[in-house]
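For reference, positions follow the sequence shown, starting with 1. All figures in this text were calculated on a predicted structure; none of them were measured in a lab.
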Amino acid sequence: MAKATKKQALGRGLSALLNDPKNDIQSVQDKDADKVVGNIVELDIDFIEVNPFQPRTNFSEESLRELASSIKELGIIQPITVRKLGLNKFQLVSGERRFRASKLLELETIPAYVRIANDQESLEMALVENIQRQDLDPIEIALSYQRLIDEINLTQEQMSDRVGKKRSTIANYLRLLKLDPIIQTGMRDGFISMGHGRAIITIENQTDQLDIYEKILSNKLSVRETETLVRNFNASEAIELPSKQTQSENMPIFIKKGITAFSEYFGHKIDVKVSKNGKGKITIPFHSEEDFNRIKKLVQGDSK
């Protein structure tokens with residue numbers, strides 16, 4: 001969390017710019033506005049009000065407590081976004097769960113991205129410029145892409161044009177945000193690489209993700225070794241699932257054995273359905289364009 005702490009310390013300096021009544025920033029043309037747009041600012045939590053037009057009104061108390069526990073241990077990985085209404089007065093744009101969980105912890109401040117009047121174009125420019133930096137970790141890049149989607153309403157195709165990256169590359173970064181927060185923090189702190197993260201993300205259950213993550217750290221696994229570990233894990237899961245189904249469906253023995261071979265070869269849970277007349281269907285899932293192309297190469301290799 002060293003990087004996050006450094007950013008929040010910087011944000012406290014930026015927050016002083018927003019607390020100066022003599023030079024209150026109201027638009028992107030105002031002095032020092034460029035220092036605020038696109039940066040993380042540490043805001044007094046009492047200066048922030050929830051959006052009255054927030055469509056979501058039901059927040060699970062249990063999930064908020066779980067999030068509060070995560071924030072207490074790891075800090076806020078993704079800052080909230082607020083809109084400046086006046087001097088020391090802000091309104092939530094996104095991140096209400098993080099905001100509510102922080103209030104449960106009775107935090108005094110919270111890291112936030114501040115939106116100010118007519119800053120749409122400036123914010124987009126700041127985010128795009130930020131993505132082009134060389135010292136960003138994969139999660140920081142993913143969060144910037146997500147902000148372009150949430151706050152600028154860009155599609156992945158439009159982002160591809162703006163930042164000069166392939167749409168599949170952008171999609172791979174965005175998928176990292178589905179990793180457990182502990183793993184995201186590990187990536188930000190350099191304990192694992194993006195390659196490790198991309199391998200782990202093919203596992204949907206976050207508890208299983210953490211088990212794999214701990215094995216990577218304890219055994220100092222390379223990306224390739226991690227990919228093998230994940231493939232074996234997915235294959236074992238695939239073997240387990242059909243075994244429960246075949247008992248009720250009386251699946252032929254040759255299919256039972258074949259599922260194991262298919263799952264190990266493709267590195268995914270393979271679904272097989274068989275009708276009473278002996279005809280059936282094999283379904284091979286994929287998680288991304290890159291994963292699809294990997295499977296395609298495996299199939300083409302067999303046909304040569």
**Message:** List the residues meeting side-chain hydrogen bond (donor to acceptor under 3.5 Å, both in side chains) with Ser222, not counting sequence neighbours, and say none if there are none.
**Reply:** Glu225
**Message:** I'd like to know if the side chain of Gln91 and the backbone of Glu49 have a donor-acceptor N/O pair within less than 3.5 Å.
**Reply:** no
**Message:** Donor-acceptor pair, distance only, cut-off 3.5 Å: does the side chain of Arg115 make one with the backbone of Thr81?
**Reply:** no
**Request:** Report the residues that fulfil side-chain contact (heavy atoms from CB on, under 4.5 Å) with Ser160, sequence neighbours left out, ordered by chain and then residue number.
**Result:** Ile170
**ring pair (Phe, Tyr, Trp, His ring centres under 6.0 Å): pairs with one or both residues in residues 180-205, sequence neighbours excluded** = none
**Request:** Would you confirm whether Glu108, through its side chain, and Asp46, through its main-chain N or O, come within 3.5 Å as a donor-acceptor pair?
**Result:** no
**Asked** Heavy atoms, side chains only, cut-off 4.5 Å: are Thr202 and Asn234 in contact?
**Response** yes
**Request:** Not counting sequence neighbours, which residues clear ring pair (Phe, Tyr, Trp, His ring centres under 6.0 Å) with Tyr145? List them please.
**Result:** Tyr173
**Asked** Around Gln158, counting heavy atoms of other residues, nucleotides and ligands shown, do more than 12 lie under 6.0 Å from its CD?
**Response** yes
**With Asp150 via side-chain hydrogen bond (donor to acceptor under 3.5 Å, both in side chains) - residues at least two apart** = Gln146
**Asked** What residues form a salt bridge (charged side-chain N to carboxylate O under 4.0 Å, His left out) with Arg147, not counting sequence neighbours?
**Response** Glu151
**Passing option when Ile200 is tested against Asp180, Leu229, Leu176, Ile216 for side chain to side chain contact (heavy atoms under 4.5 Å, CB included)** = Ile216
**Test item: Ser102 side-chain N/O and Arg98 main-chain N/O as donor-acceptor pair under 3.5 Å** = yes
**Asked** When you measure from the side chain of Lys166 to the backbone N and O of Ser168, does any donor-acceptor pair fall under 3.5 Å?
**Response** no
**Asked** Of Glu96, Arg97, Lys103, which meets side chain to side chain contact (heavy atoms under 4.5 Å, CB included) against Arg100?
**Response** Glu96
**Item:** Greater than 12 external heavy atoms within 6.0 Å of Glu157's CD
**Value:** yes
**Request:** With the side chain counted from C-beta on, respond yes when Ile203 and Ile212 share a heavy-atom pair under 4.5 Å apart, and no when they do not.
**Result:** yes
**Message:** So does Glu214 get a backbone contact from the side chain of Ser218, meaning a donor-acceptor N/O pair under 3.5 Å?
**Reply:** yes
**Asked** Between Arg175 (side chain) and Arg198 (backbone), is there a donor-acceptor pair under 3.5 Å?
**Response** no
**Message:** Could you tell me if the side chain of Phe233 sits less than 4.5 Å from the side chain of Asp208, heavy atoms only?
**Reply:** yes
